[in-house]
Amino acid sequence: MRGKGLLGYLIIICLVVNIYSGIAFAIEEKPVYNPATVEKIMASASVSELKAKSYILMDASTGQVLLENNSNERLPIASVTKIMSMLLVMEAIDSGKISLQDTVTASEYASGMGGSQAYIEPGEQYSVHDALKAVALHSSNDVTVSLAELVAGSEEAFVVLMNEKAAELGMKNTQFRDCTGLTDVDHYSSAYDIALMSRELITKHPKILEYTSIYMDSFRNGEFQLVNTNKLVRFYSNCDGLKTGFTRAAGFCLAATASRNNMRLISVVLGEPDSNTRFAETRKLLDYGFANYESVEINKKGDLISDISVKKGKVSKAGAVIGNDVKVLLPRGQKTKIVRQVSLNEEITAPVKAEQKVGEIIYKIDDNEICRVDIVADRDVEKINIGHIFVRMLRSWFTLGKV
């Protein structure tokens, strides 16, 4: 009997260990940030030899890649997935489909999500505003699913939208299976693709940074504390986002963004060996970008290049102006080497539409093109008709008679 009893205990212990292992697989490990350890890792790390399986450093304004390694490799990304979820939620808000004041009602399905959660109950209600805090700070899987259901009706329908958006953004190495990142099998992205969706989120919907930059807040009227999993919001100057991730398959991941001197950078590291290394190597990448590059505004939209003749128009001239802001990221000390190569039509024929292309400027450094921009007409010019020709003739005759 004692042997059977001992065997029973062993079976129970094995079951508990297996259950715990399954849960640990899904739970995003509590992010660790030890300042001394992070500084030590940074001191020994080189941006050319990071421990991350994949990484990238991108300029948010231009999309220019400053550093990368294996940036197109398909890897599991854990809760970094929620960047796309936040993007679709912000699109729904900015389009008027939903509002920050709308009420989210937790479904039984959403409340059953494992991993990081706010422990919502079926039928529990909260605002979209509060839900975004729970997602951005605490990476709450249950709240993320409830937002997905609000936007698309179900998580399944929301995931369809996620993959459609990924295709629209040119994310060629991405496939989503859920809106949380709990799935590792056939759910993947790349450092480059994550940088693309991060750039779309923070440049098109900058209000999200009001949430991702919060370090501590609460959910459920102060009953549930929220602490940002992205410790760089507290420990790295001007960092205001974006999203951490961890599962055993994905390792420690982080997409981060920071802004200094009119320049915003996006850093992505995937498959880091531990939490401190994740934060240290992200800091190393951002430090490299801010130390070695500068944002240069060459021209502003509407800057006048010259006047251009208009044939057969009600007026004889129009302004030829810069079509868009021209902003580039350059290695420090290079901006004085920029040369403009202007190609402009000598004349155009009416009718002319405002914003119609009439030429272009190519910007070069040492004969290497760094960017180009269209030169456009600054106004509409209607084509002259017989009546206008007759009026012109009369004015000419009267003018001659007065001489």
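Here, residue 1 is the first one in the sequence, and each next residue gets the next number.
- Inspection of the S295 and N262 side chains reveals no N or O donor paired with an N or O acceptor under 3.5 Å.
- Of the possible polar contacts, none joining the R278 side chain to the A52 backbone as a donor-acceptor pair under 3.5 Å is found.
- Checked against a 6.0 Å centroid threshold, the rings of H187 and F176 count as neighbours.
- Salt bridge status for K364 with E369: absent, with no side-chain N to carboxylate O gap under 4.0 Å.
- Remark: E281 does not engage K284 in a salt bridge, criterion side-chain N to carboxylate O under 4.0 Å.
- In this structure, E168 contributes its side chain and K165 its backbone to no donor-acceptor pair below 3.5 Å.
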Exercise. Checking side chain to side chain contact (heavy atoms under 4.5 Å, CB included) for the pair D325/N299: CA distance, chi angles, key distance, verdict?
Worked result: CA-CA 6 Å; D325 291 339; N299 280 115; over 6 Å; no
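- For E297 and K335, the salt-bridge test fails: no basic side-chain N is under 4.0 Å from an acidic carboxylate O.
- Side-chain atoms of D102 do not come within 3.5 Å of backbone N or O of I98 as any donor-acceptor pair.
- With hydrogens and angles ignored, the 3.5 Å screen pairs a side-chain donor or acceptor of T180 with a backbone N or O of L182.
- Side-chain atoms of T349 never come within 3.5 Å of backbone atoms of K311 as a donor-acceptor pair (strictly under, hydrogens ignored).
- In summary, the aromatic rings of F235 and Y33 are positioned with their centroids under 6.0 Å apart.
- Residues D378 and E355 have side chains not in contact (no heavy-atom distance under 4.5 Å, counting atoms from C-beta outward).
- Residues S189 and N173 fail the side-chain proximity criterion, which asks for heavy atoms closer than 4.5 Å.
- Using bins of under 30°, 30° to 60° and over 60° for the plane-to-plane angle, the ring pair F224/H138 lands in the perpendicular bin.
- Just one residue in the list K243, R199, R264 forms a side chain to side chain donor-acceptor pair (under 3.5 Å) with T257, and that residue is R264.
- Remark: H129 pairs with Y211 by the ring pair (Phe, Tyr, Trp, His ring centres under 6.0 Å) rule, at least two apart or across chains.
- Contact annotation: the side chain of E155 approaches that of C179 to within less than 4.5 Å [non-hydrogen atoms, C-beta and beyond].
- Cation-pi geometry between R260 and Y236 is met: the NZ or CZ atom falls under 6.0 Å from the ring centre, inside 45° of the normal.
- Between L265 and L66 there is a side-chain heavy-atom pair separated by less than 4.5 Å.
- Salt bridge status for K204 with E91: absent, with no side-chain N to carboxylate O gap under 4.0 Å.
- Side chains of I361 and I322 form a contact here, defined as non-hydrogen atoms less than 4.5 Å apart.
- The shortest distance between side-chain heavy atoms of L57 and L286 falls below 4.5 Å.
- N70 places a side-chain N or O within donor-acceptor distance of the main-chain N or O of K53, the cut-off being under 3.5 Å.
- Judged by distance alone, the side chains of N141 and K82 do bring a donor and an acceptor atom under 3.5 Å apart.
- In this structure, F158 places its CZ atom where more than 12 heavy-atom neighbours from other residues, nucleotides or ligands lie under 6.0 Å away.
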Problem set entry | Chi angles and distances behind the side chain to side chain donor-acceptor pair (under 3.5 Å) call for S107, E149 | CA-CA 8 Å; S107 68; E149 292 173 336; 2.8 Å; yes
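- Here the side chain of D307 pairs no donor or acceptor atom with the backbone of K317 at under 3.5 angstrom.
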